[in-house]
Amino acid sequence: QVQLAESGGGLVQPGGSLKLSCAVSGIVFSLYRMAWYRQAPGKQRELVATESRSGIPNYTDSVKGRFTISRDNPKNTVYLQMNSLKPEDTAVYYCKGESTIGLPTYWGQGTQVTVSS
């Protein structure tokens, strides 16, 4: 059974940091390109950060310089380090695994991040 389990969300003050984790099981992790999305109330889900074929991650403009996506292959885990958080970063954050060889795409259930004083 495939499972993508996000953790690490919570309530943080503006300017603070959080590190999200997405533990992956049931797939060959190395065959998947991982990404983080988020969805704020009343808004569409948007791409936040993604790994790329070039090895250079891509970020949406609003998080460049503040967020970092990384992975630990032995632990089958992808991370999103979020620094200098702003209230507009408040959203449910989802990890997504997209196959590099045409296998199904998988999503996690999401973790809530709330940035508020």
Side-chain angles (χ1 to χ4, degrees):
Q1 182 178 357
V2 178
Q3 187 172 13
L4 280 67
E6 301 98 334
S7 62
L11 173 64
V12 63
Q13 291 187 342
S17 298
L18 282 175
K19 186 173 184 177
L20 306 183
S21 300
C22 175
V24 179
S25 60
I27 58 175
V28 180
F29 189 56
S30 60
L31 296 180
Y32 280 76
R33 187 175 302 119
M34 302 302 295
W36 287 94
Y37 285 71
R38 66 186 179 188
Q39 188 166 18
K43 295 187 177 181
Q44 290 187 333
R45 190 172 297 189
E46 66 168 347
L47 176 65
V48 176
T50 183
E51 300 176 317
S52 72
R53 294 184 179 184
S54 69
I56 301 173
N58 295 316
Y59 300 94
T60 192
D61 286 346
S62 62
V63 308
K64 285 181 180 177
R66 299 189 298 122
F67 290 13
T68 303
I69 186 172
S70 63
R71 69 157 62 198
D72 186 331
N73 283 328
K75 293 184 178 181
N76 282 10
T77 302
V78 61
Y79 303 99
L80 185 68
Q81 177 67 48
M82 306 187 294
N83 299 326
S84 302
L85 283 161
K86 305 175 181 180
E88 51 263 43
D89 295 318
T90 295
V92 178
Y93 284 71
Y94 300 89
C95 67
K96 172 188 172 184
E98 185 171 327
S99 170
T100 59
I101 58 170
L103 298 172
T105 294
Y106 297 100
W107 290 87
Q109 293 299 306
T111 185
Q112 176 71 47
V113 172
T114 302
V115 184
S116 175
S117 56

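Just so you know, residue 1 is the first one in the sequence shown, and it goes up from there. Bear in mind that the values here come from a model prediction, so they are computed numbers and not experimental data.
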**Asked** With distance as the sole test, does E51 use its side chain to make a donor-acceptor pair with the main-chain N or O of R33 at under 3.5 Å?
**Response** no

**Request:** Please answer: with hydrophobic residues joined when any side-chain heavy atoms are less than 4.5 Å apart, are M34 and V63 in the same cluster?
**Result:** yes

Under 3.5 Å, which donor-acceptor pairs do the side chains of residues 39-50 form with other protein atoms, sequence neighbours left out?
{"unit_1": "Q39", "atom_1": "NE2", "unit_2": "K43", "atom_2": "O", "d": "3.1"}
{"unit_1": "E46", "atom_1": "OE2", "unit_2": "R38", "atom_2": "NE", "d": "2.6"}
{"unit_1": "E46", "atom_1": "OE2", "unit_2": "R38", "atom_2": "NH2", "d": "3.1"}

**Prompt:** Run the side-chain contact (heavy atoms from CB on, under 4.5 Å) check on C22 and Y79 step by step: do they pass?
**Reply:** CA-CA 6 Å; C22 175; Y79 303 99; over 6 Å; no

**Asked** Where does the angle between the aromatic ring planes of W107 and Y94 fall among parallel (under 30°), tilted (30 to 60°) and perpendicular (over 60°)?
**Response** perpendicular

**Request:** Determine, step by step, whether E98 and K96 satisfy the side-chain contact (heavy atoms from CB on, under 4.5 Å) criterion, reporting the C-alpha distance in whole Å, the side-chain angles of both residues, the deciding distance to 0.1 Å, and the verdict.
**Result:** CA-CA 6 Å; E98 185 171 327; K96 172 188 172 184; 3.3 Å; yes

**Item:** Distance under 6.0 Å and angle within 45° of ring axis: R71 vs F29
**Value:** yes

**Message:** Quick one: does any side-chain atom of T111 pair with a main-chain N or O of Y93 as donor and acceptor, under 3.5 Å?
**Reply:** no

**Nearest heavy atoms of S21 and T77, plus distance in Å** = CB-CG2, 4.2 Å

**Asked** Does I56 CD1 have over 12 foreign heavy atoms under 6.0 Å away?
**Response** no

**Prompt:** Under 3.5 Å, side chain of S84 to main-chain N/O of G15, donor-acceptor pair present?
**Reply:** no

**Item:** Minimum-distance pair of heavy atoms, taken over all atoms of P104 and S99
**Value:** O-CB, 4.2 Å

**Request:** Say whether, by atom type as modelled, one donor and one acceptor occur between the side chain of Q81 and the main chain of T68 under 3.5 angstrom.
**Result:** no

**Request:** Using atom types as modelled and distance alone, determine if a side-chain donor or acceptor of Q1 lies under 3.5 Å from a backbone N or O of G26.
**Result:** no

**Asked** What distance separates S117 OG from Q13 CD, expressed to the nearest 0.5 Å?
**Response** 7.0 Å

**Message:** Please tell me whether S52 and S54 have a donor and an acceptor in their side chains that are separated by less than 3.5 angstrom.
**Reply:** yes

**Message:** Between Y59 and Y37, is there shared hydrophobic-cluster membership here, with clusters defined by ILVMFWY side-chain heavy atoms closer than 4.5 Å?
**Reply:** no

**Item:** Closest approach of D89 to R66 (non-hydrogen atoms, all atoms of both residues)
**Value:** OD2-NH1, 2.8 Å

**Item:** Salt bridge D61-K64, side-chain N to carboxylate O under 4.0 Å
**Value:** yes

**Prompt:** Does the side-chain contact (heavy atoms from CB on, under 4.5 Å) test come out yes or no for V113 and M82, once each step is laid out?
**Reply:** CA-CA 10 Å; V113 172; M82 306 187 294; 3.9 Å; yes

**Request:** Rounded to the nearest 0.5 Å, what's the gap from CG on L11 to OG1 on T114? Could you check?
**Result:** 6.0 Å

**Asked** Yes or no on side-chain contact (heavy atoms from CB on, under 4.5 Å) for W36 and V78, after CA distance, side-chain angles and deciding distance?
**Response** CA-CA 9 Å; W36 287 94; V78 61; 3.9 Å; yes

**Prompt:** Does V24 offer a backbone N or O that forms a donor-acceptor pair with the side chain of Y106 under 3.5 Å?
**Reply:** no

**Asked** Can you get from I69 to I27 by hopping between Ile, Leu, Val, Met, Phe, Trp and Tyr side chains that sit under 4.5 Å apart?
**Response** yes

**Prompt:** Distance from L20 atom CG to C95 atom SG, nearest 0.5 Å?
**Reply:** 9.5 Å

**Complete:** OG1 of T100 to OH of Y32, rounded to nearest 0.5 Å, is 8.5 Å

**Message:** Looking at every non-hydrogen atom in both residues, tell me the closest pair between L18 and G8 and how far apart they are.
**Reply:** CD2-O, 3.7 Å

**Complete:** S17 and N83 have their tightest heavy-atom pair at OG-OD1, 3.0 Å

